[in-house]
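Keep in mind that the numbers below use all heavy atoms, side chains included, and drop hydrogens, waters and symmetry copies.
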Amino acid sequence: MEINENNFERLASYLQQTLSPDPEVRRPAERFIESIEVSQNYPLLCLHLIDRGQVEITIRVAAAIAFKNFVKRNWGWHLENDGPDKVAESDRNGIKSLIVPLMLKSPSSIQKQLSDAVSIIGKYDFPLKWPQLMDEMIEKFGTGDFNIINGVLQTAHSLFKRYRYEFKSQELWEEIKFVLDKLAKPLTDLLQATLGLAEAHAANEEALRIIYGSLVLVCKVFYSLNSQDLPEFFEDNMETWMKAFHVMLTVDIPCLKTGEDEDAGVLEHLRSQVCENLCLYAQKYDEEFSPYMPQFVTAVWELLVNTGIQTKYDTLVSNALNFLSTVADRSHYRHLFEDPNVLASICEKVIIPNMDFRVSDEELFEDNPEEYIRRDIEGSDVETRRRAACDLVKTLSQNFESKIIEIFGQYLQVLLAKYAENPANNWKTKDTAIYLVTSMASKGATQKHGVTQTSELVPLPQFTQQQIIPELERADVNELPVLKADALKFIMAFRTILGPQIIVATLPLVAKHLAAGNVVVHSYAACTIDKILAMKNPGDNKPIVTKEILTPLSAELITGLFAAFTVQGSNENEYIMKCIMRTLNTLQEASLPFMIVVLPRLTEILTVVARNPSKPHFNHYLFETLSLSVKLVCKADPNAVSSFEEALFPVFQGILQADVLEFMPYVFQMLSLFLEIREGKSSIPDTYLSLFPCLLAPALWERPGNVTPLIRLLCAFVRQASPQISADGKLNGVLGVFQKMIASKSNDHEGFYLLQNLLLHYPAEELNQSMRQIFSLLFQRLSSSKTTKFVRSFIVYMCLYAARAGAQALVQMIDTIQASMFGMVVERIFIPDINKVSGELEQKIVSVGITKLLCEAPEMLADPYVKFWPQLLQTVVQIFELPPDETNIDGDTFIEIEDVPGYQAAYSQLNFAQAKPIDPLPEISNIRQFLVQHLGKLAQSNPGKIGALVASLPAAHQEALQKYCAQSGVQIA
């Protein structure tokens, strides 16, 4: 692509279309952008377009997002996928020279995108391939222009925040040292200069807003640079930084206080970040930080007592409470909290006020239930006051259990008594009481089981019967909805502790709340049912709710669940869909009478969401539920698959034609499931055969999310329609896919899976014409890029070839590529690496293949290969007797990349559409017997020779062989 006016206009036009709410306009534009992004100059076009002040800001922001996505998808692609570099060297250099100056002069909406792009480039190129970046950034500190300085600090924050979570490594240490040597002093100087300017401009609100914005970013960068270890420079200058933190925490600047209740201002952001920095030092650098601890505990306490309940203070209060929790958990600071008066004061002035259900919480509960749920039960409420207050209660309960439960117990009685006086008006006090009990009682929890350890001093069963069950027993499911949600969440949280008897008894009460009009309440009901149905007895690992227990409730459950989808705000409710899936799975065949209602509704929902997929979890559970329904119905009647095909094919066709990226991997899995159900029972319909050529289109294989399900679908075609594939001359297309898979470290195992299916099911005469070329490709890949995974897969394939095509055929095939090459394969691949093969099926294939090589390839008993015969036999015995060798091959540092950025939908395995493993050698059941029987026959036809070769094995291996012979009644003479 040339950088010219025509291309600027085209790009701007398509970017504008990507903002359209109409998928018919948006999707083609997105596909066009995706198709041109690997063209040379595309990223530079984006940057120049961003730089054009006369272009509408929305298009410039869209260009910035498109540029960031380009960088995200392509900058390191060649390193992670062992493929060609998708970014031209001239583009790389151009981007690095343009991006920082452009970012610093751009509006904040663009600056954020470009800053993220710099951090992605930095992940791969900084500091080795971009050493000038630091000097370029630090130089801007001297400009005195805080708009530019803030841009630099924002970039530094984006670039260095990965230090917060990366694993320690020598490479990381060296990079951080490089950054510290360059930045630690200028950052400290900037801190002091900025604080000085804040004093000088005390009366200038606009200047203060920018100056304090800089301080927020300085504090964020400080956090990142101190996350891995305490740097020497910051230890030496701790006095300077701690003094500054104290000033920032305690200084009062009335003009920076916002009049809003919702959005935090710069002062709140600053204090919040300071609390986070203090928390880091209290947790990790306790000894060095201890002289400053008392003054900060006082400052944070005063901050908490004097901060209002408005939403804008939530993150600040949360971080401040976390700091107190961290301090309270340190044994040498516990004396600060031991006094009962102090604990009572903490409860009254800090914990109860921050646990109270505020007006803003009520608004969120009613108006934005999805966000309320996300914060409340999904664990994303890390920065909410309630979570932080609960954590402080837990920390205090662990360290001062009896005192806390006595003091807080008194407050609990007051709260419950107030509720009892007037439940309709005082329901918020009971809400706080339930939170307080949950916090005091919980000592340990897991995602899978909920709370697993509780305080013995909190009588949970009694509290459940007296305070929780009555809320669920109310006749009106819409009365006091917040308390209903609290009660359901309580059952969900303590399900393991309360035990099967109470939990099973509450199931009908929970189920009736699916009819609640409030989205949070019926979502919590669905989520609770899902968790209960997943519970298992610790003794026998069987579900505590069996289909027999659930069947009487099933009609109410299924009706209630589908009715909930009609409530506004719950049309795509993931908890409801997951609960439907779990209910059908528990009922199994008892769900069949409901399928006449369930399946049309699921198809209808799929048709709607396919137009504009927006909820990944909901979509996943929808396809899981469809797959499960198919399996349940077809288990009872395999011919019913044609009814599913009839209902779903039009929808699937629409998804494939509209190129709905998010759904294509699911559609391929379900088509595979349909074909696998048909396997061996009926011939493949023409609708599938007309689809087959489309599956070979190269564009489909460019998307990593499609690869695994497409390979599975191709293999299903190979197993059932090889004659048609052959008649249509499509073998070369299939082998082209194999070649693409083998070239990739990520996908080579998929290539072998396809090749195995071809070997087992495709007409041998035609396939054999390409077999020499196939083996040559495999050996080329072996020599150019040898990984443990590839070697394992190659060994399994060669052994399957020996088992199916014949051992002699394998030896001759490899020796036609190069004279005596089979000997090298045995010496360099089989003998050293055969014991790296793991998996029952794979080990069976290998042991059968090697047995055939030993006993059915005459070349193995003659020079030059006979010397390998005992060693190969030894490896088979080791497969039987030793665990697999888990070590990697020298030089194999390949790590599989799981995250697939940008447009591409990552592959999500459908649990209920999984393929059953197919044994390619079903006629062989006892592999040890198979080995010794073949050795026995070989010994009879070669008197004395085989016995002598076996005698050269180590004693332990001979002993194992004798044991197999005795078990099978065989002699090796």
Side-chain angles (χ1 to χ4, degrees), residues 68 71-72 75-76 79-80 99-100 103 112 114-138 140-141 149-191 214-238 240-242 244-245 269-270 272-286 288-289 319 322-323 326 382-383 895 897 899 901:
K68 181 187 77 175
V71 170
K72 197 175 183 182
W75 200 270
L79 300 171
E80 294 173 349
I99 192 166
V100 174
M103 181 191 66
K112 174 75 180 75
L114 295 182
S115 176
D116 287 348
V118 169
S119 71
I120 296 162
I121 296 169
K123 179 184 168 189
Y124 296 104
D125 288 14
F126 179 80
L128 296 178
K129 295 179 189 170
W130 203 2
Q132 73 274 24
L133 177 63
M134 284 304 303
D135 295 331
E136 204 178 329
M137 284 165 49
I138 292 165
K140 307 293 181 193
F141 285 171
I149 289 170
N150 285 1
V152 170
L153 289 169
Q154 181 61 53
T155 305
H157 170 52
S158 297
L159 200 56
F160 307 141
K161 68 182 174 188
R162 64 189 178 85
Y163 299 163
R164 300 176 179 201
Y165 50 78
E166 286 222 344
F167 289 116
K168 289 178 166 62
S169 68
Q170 187 60 31
E171 198 180 337
L172 184 67
W173 287 121
E174 286 171 8
E175 182 182 324
I176 294 174
K177 184 178 185 312
F178 172 83
V179 172
L180 288 166
D181 290 346
K182 297 258 185 193
L183 186 63
K185 187 173 187 321
L187 190 71
T188 307
D189 293 343
L190 181 65
L191 170 80
S214 290
L215 288 171
V216 174
L217 290 166
V218 167
C219 290
K220 285 179 184 289
V221 173
F222 174 90
Y223 187 95
S224 299
L225 296 179
N226 284 267
S227 290
Q228 290 282 340
D229 204 353
L230 178 57
E232 191 180 337
F233 182 89
F234 288 117
E235 188 177 350
D236 295 343
N237 290 273
M238 197 180 285
T240 302
W241 282 90
M242 294 305 144
F245 288 159
H269 285 304
L270 179 62
S272 174
Q273 187 57 51
V274 168
C275 287
E276 219 174 323
N277 292 356
L278 296 176
C279 210
L280 174 75
Y281 265 58
Q283 281 173 341
K284 295 190 77 170
Y285 316 124
D286 194 10
E288 294 84 355
F289 182 57
N319 286 340
N322 287 341
F323 173 70
T326 303
V382 175
E383 290 190 351
I895 296 166
I897 307 301
D899 56 319

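Scanning for salt bridge (charged side-chain N to carboxylate O under 4.0 Å, His left out) contacts around K112 gives D116, with sequence neighbours left out. Partners of K182 under the side chain to side chain contact (heavy atoms under 4.5 Å, CB included) rule, at least two apart in sequence or in another chain, are M134, D135, I138, F178. Take F222 and apply the ring pair (Phe, Tyr, Trp, His ring centres under 6.0 Å) test, not counting sequence neighbours, and it matches F234, W241, F245, Y281. Annotation: side chain to side chain contact (heavy atoms under 4.5 Å, CB included) contacts of S272 (sequence neighbours excluded): T315, L316, N319. Listed by chain and residue number, D189, F233 satisfy the side chain to side chain contact (heavy atoms under 4.5 Å, CB included) test with K185 (two or more places apart in sequence, or in another chain). Every residue meeting the side chain to side chain donor-acceptor pair (under 3.5 Å) condition with E174, not counting sequence neighbours, appears here in chain and number order: Q170. Judged as a salt bridge (charged side-chain N to carboxylate O under 4.0 Å, His left out), and not counting sequence neighbours, K284 has no contacts. With sequence neighbours left out, the side chain to side chain donor-acceptor pair (under 3.5 Å) criterion links K140 to no other residue. With sequence neighbours left out, the side chain to side chain contact (heavy atoms under 4.5 Å, CB included) criterion links A282 to F289, M293, F323, T326.
Across all non-hydrogen atoms, the minimal contact from Y223 to Q273 is CB-NE2, 3.7 Å. Nearest heavy-atom pair, G122 versus L159, reported as atom, atom and distance to 0.1 Å: CA-CD1, 3.6 Å.
Within the structure, side chain to side chain donor-acceptor pair (under 3.5 Å) contacts touching residues 229-238 (residues at least two apart or in different chains) do not occur. Annotation: salt bridge (Lys or Arg N to Asp or Glu O under 4.0 Å) contacts involving residues 125-134, sequence neighbours excluded, comprise K96-D125. Sorted by first and then second residue, the salt bridge (Lys or Arg N to Asp or Glu O under 4.0 Å) pairs with a member in residues 162-172 read R162-E166, R162-E175; sequence neighbours excluded.
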Before giving the answer on side-chain contact (heavy atoms from CB on, under 4.5 Å), spell out for L153 and F141 the whole-Å C-alpha distance, their side-chain angles and the decisive distance to 0.1 Å. CA-CA 9 Å; L153 289 169; F141 285 171; 4.0 Å; yes
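For the residue pair Q154 and N150, no side-chain donor N or O sits within less than 3.5 Å of a side-chain acceptor on the partner.
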